[in-house]
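Here the structure is a predicted model, which means the values were calculated and not measured. Below, chains carry the letters A, B, ... as their sequence lines are ordered, and counting in each starts from 1.
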2 protein chains.
Amino acid sequence: MKFLSEKNPDQQRTFEIINEGLSKKAVIVLMVCCRVIYEGRARSKLASGDRMIIIKSDGSFMIHQDRNLEPVNWQPPKSQCKASLKKGIMYIEGKRRNPPERLEVEIHNTYIASYFNGEDSKDLELTGYEENMRELVFENPEIIEEGFRPSNREYSTPNGFIDVLGKDKNGNLMVIELKSRRAGINAVKQLKKYLDCFSDHKEFVRGILVAPSITGDAEELLEEYKLEYKSLEPPREFGNDKNLTLDFFNQADSKNY
Amino acid sequence: MKFLSEKNPDQQRTFEIINEGLSKKAVIVLMVCCRVIYEGRARSKLASGDRMIIIKSDGSFMIHQDRNLEPVNWQPPKSQCKASLKKGIMYIEGKRRNPPERLEVEIHNTYIASYFNGEDSKDLELTGYEENMRELVFENPEIIEEGFRPSNREYSTPNGFIDVLGKDKNGNLMVIELKSRRAGINAVKQLKKYLDCFSDHKEFVRGILVAPSITGDAEELLEEYKLEYKSLEPPREFGNDKNLTLDFFNQADSKNY
DNA sequence: CACTAGATCTCGTGT
DNA sequence: ACACGAGGTCTAGTG
């Protein structure tokens with residue numbers, strides 16, 4: 001089953017749902033009345049009230065109040081989470097060794113208990129200065145190399161979006177991955193993933209990592225994968241950027257209101 | 001009604017539930033398949049996948065993946081949230097003016113839609129902070145060293161605020177930098193910067209880094225700068241009900257182990 | 001409003 | 001495992 005959701009489960013049933021969710025490595029969400037104590041890097045207590053509890057499969061454990069972006073109490077990923085029933089009262093405990101920490105929730109009443117087993121392989125793609133680099137590359141393609149002709153930005157593949165796609169002076173396809181800061185092995189792996197999408201392509205496809213600098217590991221991996229590296233500093237004037245953003249919002253405003 | 005939870009609502013029904021939740025100032029929780037676009041202080045996009053969406057009554061807006069403590073995308077409290085249906089597709093948009101930001105979620109499918117109107121008047125009680133250390137130092141100055149007399153907290157200098165300023169038993173000025181966690185080289189550099197403000201002082205000024213522990217690098221740098229280190233743990237007692245609190249925690253411990 | 005500094009910061013990355 | 005830097009940091013507190 002992909003998900004489960006029950007209203008007003010009793011303590012015993014809440015206990016079962018949590019354990020089911022844990023064993024299925026699902027995301028567990030509870031709406032409960034509870035009190036909380038934390039002891040570890042710091043120490044805290046929270047008297048009884050209605051809150052939302054979230055337990056993720058990586059061990060992330062959060063207690064959210066009805067205000068603020070941040071959880072009022074939490075335990076980071078990789079902590080060990082387990083539920084227990086003692087004298088008819090439910091407890092959830094999140095623990096970790098290093099640093100030694102313990103988060104305990106005493107549940108007095110459960111309004112909703114649910115878990116959810118979703119599929120999500122996609123990672124966030126953040127573009128800040130990368131955007132400016134892309135503009136720079138399109139305005140001055142020779143900055144990459146003489147004869148380079150960019151064709152697509154944000155070219156969509158099953159493995160994500162290619163920053164810049166183009167061809168060199170000999171007509172070879174070029175996949176460009178931009179990084180605004182020192183690039184590590186992950187950038188190389190990402191570039192490789194994009195190139196895998198062209199594995200059935202009959203001609204050779206070049207992959208170029210463009211960044212201000214790269215780590216030693218990245219350099220080695222590039223060589224192993226037969227990929228290239230081009231050093232390029234991101235343009236740092238943010239005068240343009242600001243205007244662009246404002247334009248964007250003005251457009252958005254006129255569109256939506 | 002205190003809460004509502006529905007499984008597999010269609011787009012229209014999801015739309016209704018969100019609006020109901022918003023108007024009741026409830027916490028809204030959705031399990032959906034969605035893609036996300038953010039534009040504001042930075043820019044990001046997240047391809048389609050299963051995620052959890054949380055909207056709180058203070059305007060906090062989060063999108064959580066099945067991993068990590070932090071939301072993959074979010075909008076801080078006080079942002080304006082609204083849902084819309086366009087050509088049969090659900091969108092949720094979180095916006096704010098300053099700084100201009102926009103978060104848009106395109107919902108392809110809803111597994112669970114729920115909202116919850118809890119009661120929670122209680123605030124977290126926390127201890128084990130730098131602030132608690134400062135109080136401790138003023139109450140028990142001899143904890144730093146015998147004869148120490150603290151005079152100012154948050155003493156303003158051109159290079160920032162000195163945590164604690166005072167004099168030792170010989171009348172030498174003492175600059176104290178507090179850290180509630182393991183201190184690194186940055187803490188030492190910071191302390192050095194404060195001391196530079198007294199470079200024209202005719203007498204010798206002592207600089208003491210006070211923290212539970214320090215890194216090796218920090219120790220070396222301290223020696224180079226002729227600064228001192230005093231080991232001190234941040235106090236972990238709660239404000240008023242010290243005994244009550246300890247009892248509370250001891251009870252919790254003895255109950256669970 | 002702005003500015004400052006701390007945080008159970010978290011998260012990634014390099015050593 | 002530890003140390004360091006960045007963050008759409010967030011959050012509380014001042015001016």
Side-chain angles (χ1 to χ4, degrees), chain A residues 36-46 58 60-63 67-79 94 96-103 123-124 126-129 179-187 213-218 241 245, chain B residues 36-45 58 60-63 67-79 94 96-103 123-124 126-134 154 156 159-163 177-187 189-190 213-221 234 236:
Chain A
V36 188
I37 57 180
Y38 159 74
E39 182 125 22
R41 285 166 288 180
R43 194 171 184 221
S44 77
K45 57 180 179 178
L46 179 60
D58 67 351
S60 305
F61 182 14
M62 292 166 249
I63 294 129
R67 48 196 181 270
N68 288 342
L69 197 59
E70 308 236 312
V72 63
N73 277 114
W74 71 93
Q75 209 59 257
K78 290 172 191 169
S79 52
R96 63 173 181 156
R97 291 259 160 210
N98 198 337
E101 288 192 302
R102 204 174 82 92
L103 178 59
D123 286 319
L124 186 72
L126 248 173
T127 62
Y129 296 116
K179 286 291 166 206
S180 63
R181 279 186 274 136
R182 171 172 265 247
I185 50 171
N186 284 351
S213 65
I214 54 172
T215 65
D217 300 0
D241 207 22
T245 305
Chain B
V36 187
I37 298 171
Y38 159 76
E39 184 128 17
R41 283 168 289 179
R43 264 177 225 181
S44 78
K45 56 185 178 176
D58 66 352
S60 305
F61 182 14
M62 292 167 247
I63 293 131
R67 47 196 182 269
N68 290 342
L69 199 58
E70 307 234 312
V72 63
N73 277 116
W74 71 93
Q75 209 61 272
K78 290 171 192 170
S79 52
R96 64 170 180 159
R97 280 271 149 201
N98 200 335
E101 288 191 303
R102 206 174 81 92
L103 178 60
D123 284 319
L124 187 71
L126 250 173
T127 181
Y129 280 28
E130 194 179 297
E131 175 62 23
N132 305 105
M133 285 177 90
R134 190 159 31 230
E154 304 279 331
S156 182
N159 293 340
F161 293 89
I162 292 173
D163 286 331
E177 173 62 27
L178 300 171
K179 287 290 166 205
S180 64
R181 312 281 168 248
R182 172 172 266 246
I185 50 171
N186 283 351
K189 287 177 184 168
Q190 199 179 339
S213 66
I214 54 173
T215 65
D217 299 0
E219 202 160 11
E220 285 173 29
L221 203 58
R236 302 177 141 253

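Spacing of C1' atoms, D:dC10 relative to D:dA6, comes out at 14 Å, to the nearest Å. Here the separation of D:dT11 from C:dC11, taken at their P atoms, is 15 Å to the nearest Å.
Among residues two or more places apart in sequence or in another chain, the side chain to side chain contact (heavy atoms under 4.5 Å, CB included) test is passed with A:Lys78 by none. For the salt bridge (Lys or Arg N to Asp or Glu O under 4.0 Å) test, residues two or more places apart in sequence or in another chain that qualify with B:Arg67 are A:Asp123. Remark: A:Thr215 pairs with no residue by the side chain to side chain donor-acceptor pair (under 3.5 Å) rule, at least two apart or across chains. Take A:Arg41 and apply the salt bridge (Lys or Arg N to Asp or Glu O under 4.0 Å) test, not counting sequence neighbours, and it matches A:Glu101. Residues satisfying the side chain to side chain contact (heavy atoms under 4.5 Å, CB included) test with B:Leu124, not counting sequence neighbours, are A:Ser44, A:Leu46, A:Val72, A:Asn73, B:Leu126. Applying the salt bridge (Lys or Arg N to Asp or Glu O under 4.0 Å) test to B:Glu154 and every residue at least two apart in sequence or in another chain returns B:Arg134. A search for side chain to side chain contact (heavy atoms under 4.5 Å, CB included) contacts involving B:Leu69 returns A:Ser60, A:Met62, A:Trp74, A:Pro77, not counting sequence neighbours.
Distance from the side chain of A:Arg41 is smallest for C:dT10 among the nucleotides C:dT10, C:dA7, C:dA5.
Contacts of B:Phe161 with the nucleic acid, taken as non-hydrogen atoms under 4.0 Å apart, involve only primed sugar atoms and P, OP1 or OP2. Residue B:Glu131 is classed as having no contact, given no heavy-atom separation below 4.0 Å to the nucleic acid. Counting non-hydrogen atoms under 4.0 angstrom, B:Asn73 reaches a base of the nucleic acid. Residue-level contact check: A:Leu126 touches the backbone only, with heavy atoms under 4.0 Å from sugar-phosphate atoms and none from bases.
Along DNA chain C, the nucleotide nearest B:Asn159 and the nucleotide nearest A:Ala42 are compared for position; the residue whose nucleotide lies closer to the 5' end is B:Asn159.
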- List the steps and the verdict of side chain to side chain donor-acceptor pair (under 3.5 Å) for B:Thr127 and A:Arg43. CA-CA 5 Å; B:Thr127 181; A:Arg43 194 171 184 221; over 6 Å; no
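Taking every nucleotide of DNA chain D with any atom under 4.0 Å from a non-hydrogen atom of chain B, the first and last of them, 5' to 3', are D:dA3 to D:dT11.
The structure places CZ of B:Arg102 at 7.5 Å from CD1 of B:Ile37, a figure rounded to the nearest 0.5 Å.
As a whole-Å value, the separation of B:Lys78 NZ from C:dC1 P is 9 Å. One atom, CD of B:Glu130, and another, P of C:dT4, lie 17 Å apart when rounded to the nearest Å. Atom P of nucleotide C:dT4 and atom CD of B:Glu154 are separated by 14 Å, given to the nearest angstrom.
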Dump every N/O contact between nucleotides 11-15 of chain C and the protein below 3.5 Å, one line per pair.
| unit_1 | atom_1 | unit_2 | atom_2 | d |
| --- | --- | --- | --- | --- |
| C:dC11 | OP1 | B:Leu69 | N | 2.7 |
| C:dC11 | OP1 | B:Glu70 | N | 2.9 |
| C:dT13 | OP1 | A:Asn186 | ND2 | 3.3 |
| C:dT13 | OP2 | A:Asn186 | ND2 | 2.9 |

